[in-house]
> 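Mind looking over this structure? Questions follow.
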Amino acid sequence: MPKSINKKDKNSKTVSINNLSHYYGIDENKKQVLNNVNFFIEKGELVLLKGPSGCGKTTLLTLIGALRTCQSGDLTVLNNQLNGASRKTRQKLRRSIGMIFQGHNLLRCLTAEQNVQMGADLITNLTYLQRRELARKWLSAVGLEDHHKKLPNGLSGGQKQRVAIARALSANPKLLLADEPTSALDSVTGREIVSLLRKLAKEQNCSVLMVTHDPRISDMADRILNMEDGKIFNALSELR
Ligand SMILES: Nc1ncnc2c1ncn2[C@@H]1O[C@H](COP(=O)(O)OP(=O)(O)OP(=O)(O)O)[C@@H](O)[C@H]1O
């Protein structure tokens, strides 16, 4: 049974979770999908979350991303306790969290630069020109400076995923959540994307939690969490 995380430790972590459980449905249809989950993520750490289909990975990711209401247990993200948090607190917290999903979620009618600028738009004290400059900086950081005027349809799968990364990082997040970001990519592109994500996240001291089935990227993680039937088995594994 993993030890629980004490209060002092909690403040130094990006995410700390104690006895988190989650259920879908009601009455006889009530089903437990997370069962007393305990783990933490350090600042700047890249953690992979692995486990079979249906074990609860996406549910956990969406709870940490403040996209779902926390029902039971203790879930602290960037020093915000999410159990009992108001909608306003969750909305505010979401501005500090970048999210990258499998299908890129790029807007098809916007250019690569405009898509990235949507991330920078979350930083409220910047002028339009500053946000555009920031978008160009991030496109360049992911190696797409020559593609800024292209629409998503004119980009390859790997390039679209780079745009999604640039968009997430341009909002200057403290935590990045990624759900299967490499599953649609070939192995070379997949490794390139994760290595880029790792480099940029370390430079920004941003923690990354990535759900993946992809064995080709395991060696790039600081830590790997294994989940099964709503439980995490190696929550307090050593940092590499
Ligand atoms: N909104 C929902 N309502 C009811 N049940 C749900 C809902 N979302 C997910 N589930 C169920 O909860 C369980 C966990 O789902 P979840 O998507 O978190 O798993 P996962 O590990 O991410 O799976 P996958 O790897 O296939 O994406 C599954 O049995 C799923 O069918």
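In listed order, ligands and their atoms are each counted from 1.
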> Heavy-atom distance to atom 27 (O) of ligand 1: which of Leu63, Asp179, Leu34, Thr58 wins?
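Considering heavy atoms of Leu63, Asp179, Leu34, Thr58, the nearest to atom 27 (O) of ligand 1 sits in Thr58.
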> Side chain of Ser170, backbone of Val116: donor and acceptor closer than 3.5 Å?
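Side chain of Ser170 to backbone of Val116, a donor-acceptor pair under 3.5 Å: yes, one is there.
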> Among side-chain atoms of Glu192 and Ser195, is any donor-acceptor pair under 3.5 angstrom?
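Not at all, the side chains of Glu192 and Ser195 share no donor-acceptor pair under 3.5 Å.
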> Can you tell me if Gly56 contacts ligand 1 (heavy atom of the residue under 4.0 Å from the ligand)?
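Contact present.
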> Could you tell me if any non-hydrogen atom of Gly51 lies under 4.0 Å from any atom of ligand 1?
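Per 4.0 Å heavy-atom rule, Gly51 does not contact ligand 1.
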> At less than 4.0 angstrom from any non-hydrogen atom of Pro52, what atoms of ligand 1 do you find?
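The atoms of ligand 1 under 4.0 Å from a heavy atom of Pro52 are 21 (O).
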> For the residue pair Arg68 and Tyr24, would you count it as a cation-pi contact if the rule is NZ or CZ under 6.0 angstrom from the ring centre and within 45 degrees of the ring axis?
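Judged by the rule (NZ or CZ under 6.0 Å from the ring centre, within 45° of its axis), Arg68 is not positioned above Tyr24.
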> Heavy atoms only: which of Val33, Asn29, Asp229 is nearest to atom 13 (C) of ligand 1?
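The nearest heavy atom belongs to Val33.
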> Quick test: of every protein heavy atom, which one is nearest to atom 30 (C) of ligand 1, and how far off is it to 0.1 Å?
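Here the nearest protein heavy atom works out to Lys31 NZ, 4.4 Å.
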> Using heavy atoms and a threshold below 4.0 Å, how should the contact between His213 and ligand 1 be classified: side chain, backbone, both, or neither?
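The side chain, only.
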> Would you please determine whether Gly230 falls within less than 4.0 Å of ligand 1 on a heavy-atom basis?
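No, Gly230 has no heavy atoms under 4.0 Å from ligand 1.
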> For the hydrophobic clusters of this structure (ILVMFWY residues joined by side-chain heavy atoms under 4.5 Å, transitively), does one cluster hold both Met118 and Leu126?
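No: no chain of side-chain contacts under 4.5 Å links Met118 to Leu126.
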> In terms of hydrophobic clustering (I, L, V, M, F, W, Y; side-chain heavy atoms under 4.5 Å; direct or indirect links), are Ile17 and Leu67 co-clustered?
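Yes; Leu67 is reachable from Ile17 via cluster members.
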> Is there a side-chain contact between Thr76 and Lys13 in this structure, where contact means two heavy atoms from C-beta onward sitting under 4.5 Å apart?
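A side-chain contact under 4.5 Å is absent here.
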> Would you mind running through ligand 1 and noting each atom that sits below 4.0 Å from a heavy atom of Thr59?
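Contacts of ligand 1 toward Thr59, numbered from 1: 15 (O), 16 (P), 18 (O).
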> Would you call Lys57 and Asp179 a salt bridge, taking side-chain N to carboxylate O under 4.0 Å as the test?
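Between Asp179 and Lys57 there is no salt bridge, as every charged N stays at least 4.0 Å from the carboxylate O atoms.
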